[in-house]
Number of protein chains: 2
Amino acid sequence: MAETNPAPRDPAPSAAGIAAAWQRERPGTPTESIEIVTPLWWLGKLFADDRGRVLREAGIDAATLDLLSVVRRSGPPYALSTREIAARTLVTAGAVSQRVARAEREGLVRRTPGTTGRRTVLVELTDAGHALIERSVDAVLGREASLVQGLTEQERAALTGLLGKLLEDVRQRVARRPE
Amino acid sequence: MAETNPAPRDPAPSAAGIAAAWQRERPGTPTESIEIVTPLWWLGKLFADDRGRVLREAGIDAATLDLLSVVRRSGPPYALSTREIAARTLVTAGAVSQRVARAEREGLVRRTPGTTGRRTVLVELTDAGHALIERSVDAVLGREASLVQGLTEQERAALTGLLGKLLEDVRQRVARRPE
DNA sequence: TGCTCTACGTTTAGATCTAAACGTACACGC
DNA sequence: GCGTGTACGTTTAGATCTAAACGTAGAGCA
């Protein structure tokens, strides 16, 4: 029998509950970040799992969608170097190499020697790859759009602003490592 | 030579840029969710990677921290069943079993037959495990707290509220799958 | 011209997760 | 009392990722 992560019959765990538990067990624990970082992580997982379900029906997986999307979005001639793809998808170049190998095996992309100097390899969409991404992207983004409808227009705008600000700030703090 | 994900020398990619690219390439693409889901994902990865660095110095990994934390937080007698742990940490029971096996090999936890009926197995903290989590939790949470200082008190409260609301709402929409 | 150094893509080894198959203890109905 | 089903933890197979080792093409420079 399948063993998917059972839907919590208990009241869904809450970030506030976790912070409270730490305070109860270890008064003074610095829990200020928990109610931001934890829901953020849970939401990421919820969206990722849901996206996985949508993609399974579309006959594509998240890694391949990620790859085809970034190339498609870059516009004509729909070709990007491995390194460029790695930087834009937040995975290592090694992983990109493997993803490209898989997608190539399925006939979705093609590797061509980069015309520009350097020893770059361009990853290019085939017609099949182009058709597949065209077919999937609306399904994925449409579903995600429906998932955020619980927030009002104003709330979504506020959330977008706060996430953007936090992202930019955390990036800087993480970049200059100290403290 | 190492091949870590190079810090983007280019301007850091932005969610707004991705949405704009889709609109340019495919006018009408439903991109409303991108500026929420994408930064949310990126922030999750930033926090996770940073946490990994902090933990490496503390001599523990994220999976083990997750395990020890949930047991420690449950309070005396610091023992939880495998199933309970799986539900609270959002990984499958199989993964918990493997995590426990690793932690047990390192002497951080102990498996004891559950006294209560059923065939439950309780995972219990050893003294070493208790000491390790006690030593790590402030480091991790303290670092995270410092990472969210770029937001004002009010902004953090607003973000907490919005994330909480969205989380609850998305959970419901995902639970009753349809639409 | 020839040497060296750097950038880049690929390959490999190892870790960890999920999904599914198991094996078994206990509860429950007959 | 006894079979049957269900809950639970573990094991296994397979997928995918990261980190590191490679191999090589060009750029820069003497």
Side-chain angles (χ1 to χ4, degrees), chain A residues 1-7 9-10 41 44-45 48-49 51-53 55-56 60-67 79-87 89-106 109-124, chain B residues 1-7 9-10 41 44-45 48-49 51-53 55-56 60-67 79-87 89-106 109-124:
Chain A
M1 210 246 263
E3 168 181 62
T4 110
N5 229 347
R9 349 68 164 115
D10 318 288
W41 177 252
K45 183 162 165 49
D49 288 353
R51 172 179 288 209
R53 282 190 289 269
L55 290 179
R56 198 167 322 130
I60 180 177
D61 66 287
T64 304
L65 176 81
D66 208 22
L67 172 66
L80 243 42
S81 75
T82 296
R83 218 85 194 176
E84 191 56 37
I85 294 173
T89 56
L90 299 189
V91 297
T92 61
V96 171
S97 198
Q98 297 176 54
R99 287 177 173 191
V100 170
R102 291 196 296 268
E104 191 172 38
R105 216 175 300 134
E106 298 177 49
V109 300
R110 185 174 28 238
R111 275 187 253 225
T112 70
T115 69
T116 79
R118 274 288 174 213
R119 162 142 199 60
T120 62
V121 171
L122 290 183
V123 177
E124 200 177 353
Chain B
M1 210 244 264
E3 167 179 59
T4 113
N5 230 346
R9 353 59 169 121
D10 318 289
W41 177 251
K45 183 163 165 48
D49 288 354
R51 173 179 287 209
R53 282 191 289 269
L55 291 178
R56 197 165 323 128
I60 181 177
D61 66 287
T64 304
L65 175 81
D66 208 21
L67 173 66
L80 244 42
S81 76
T82 296
R83 220 81 193 178
E84 192 55 37
I85 294 172
T89 56
L90 298 190
V91 297
T92 61
V96 171
S97 198
Q98 297 176 54
R99 288 178 172 190
V100 170
R102 291 196 295 268
E104 192 172 39
R105 214 174 301 132
E106 297 177 51
V109 300
R110 184 174 29 239
R111 275 186 254 225
T112 70
T115 70
T116 80
R118 274 287 175 212
R119 162 141 200 59
T120 61
V121 170
L122 290 184
V123 177
E124 200 177 354

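Residue numbers begin at 1 in each chain, while the letters A, B, ... track the order of the sequences.
The side-chain hydrogen bond (donor to acceptor under 3.5 Å, both in side chains) check on T64(B) picks up D61(B), with sequence neighbours excluded. The salt bridge (charged side-chain N to carboxylate O under 4.0 Å, His left out) check on D49(B) picks up K45(B), with sequence neighbours excluded. Under the side chain to side chain contact (heavy atoms under 4.5 Å, CB included) criterion, E124(A) pairs with A79(A), R110(A), T112(A), sequence neighbours left out. The side chain to side chain contact (heavy atoms under 4.5 Å, CB included) search around S97(B) returns R111(B), not counting sequence neighbours.
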Any protein N or O atoms within reach of nucleotides 15-17 of chain D? Criterion: under 3.5 Å, listing atom names and distances.
unit_1, atom_1, unit_2, atom_2, d
dC17(D), OP1, R99(A), NE, 2.9
dC17(D), OP1, R99(A), NH2, 2.9
dC17(D), OP2, R102(A), NH2, 3.2

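As a whole-Å value, the separation of L80(B) CG from dC8(D) C1' is 15 Å. Between I85(A) atom CD1 and dC8(C) atom C1' there is a gap of 13 Å when expressed in whole angstrom units. Atom CD of E104(B) is separated from atom C1' of dG9(D) by 13 Å (rounded to the nearest Å). Rounded to a whole Å, the CG atom of L122(B) is 12 Å from the C1' atom of dC8(D).
The shortest side-chain heavy-atom distance between E84(A) and T120(A) does not fall under the 4.5 Å cut-off. Between D66(B) and R99(B) the shortest side-chain heavy-atom distance falls below 4.5 Å.
Distances shorter than 4.0 Å separate none of the side-chain N or O atoms of T120(A) from OP1 or OP2 on dA7(C). Applying the 4.0 Å criterion to OP1 and OP2 of dG9(D), one finds that R111(B) has every side-chain N and O outside that range.
The residue among S97(A) and R56(A) whose nearest nucleotide of DNA chain C lies closer to the 5′ end is S97(A).
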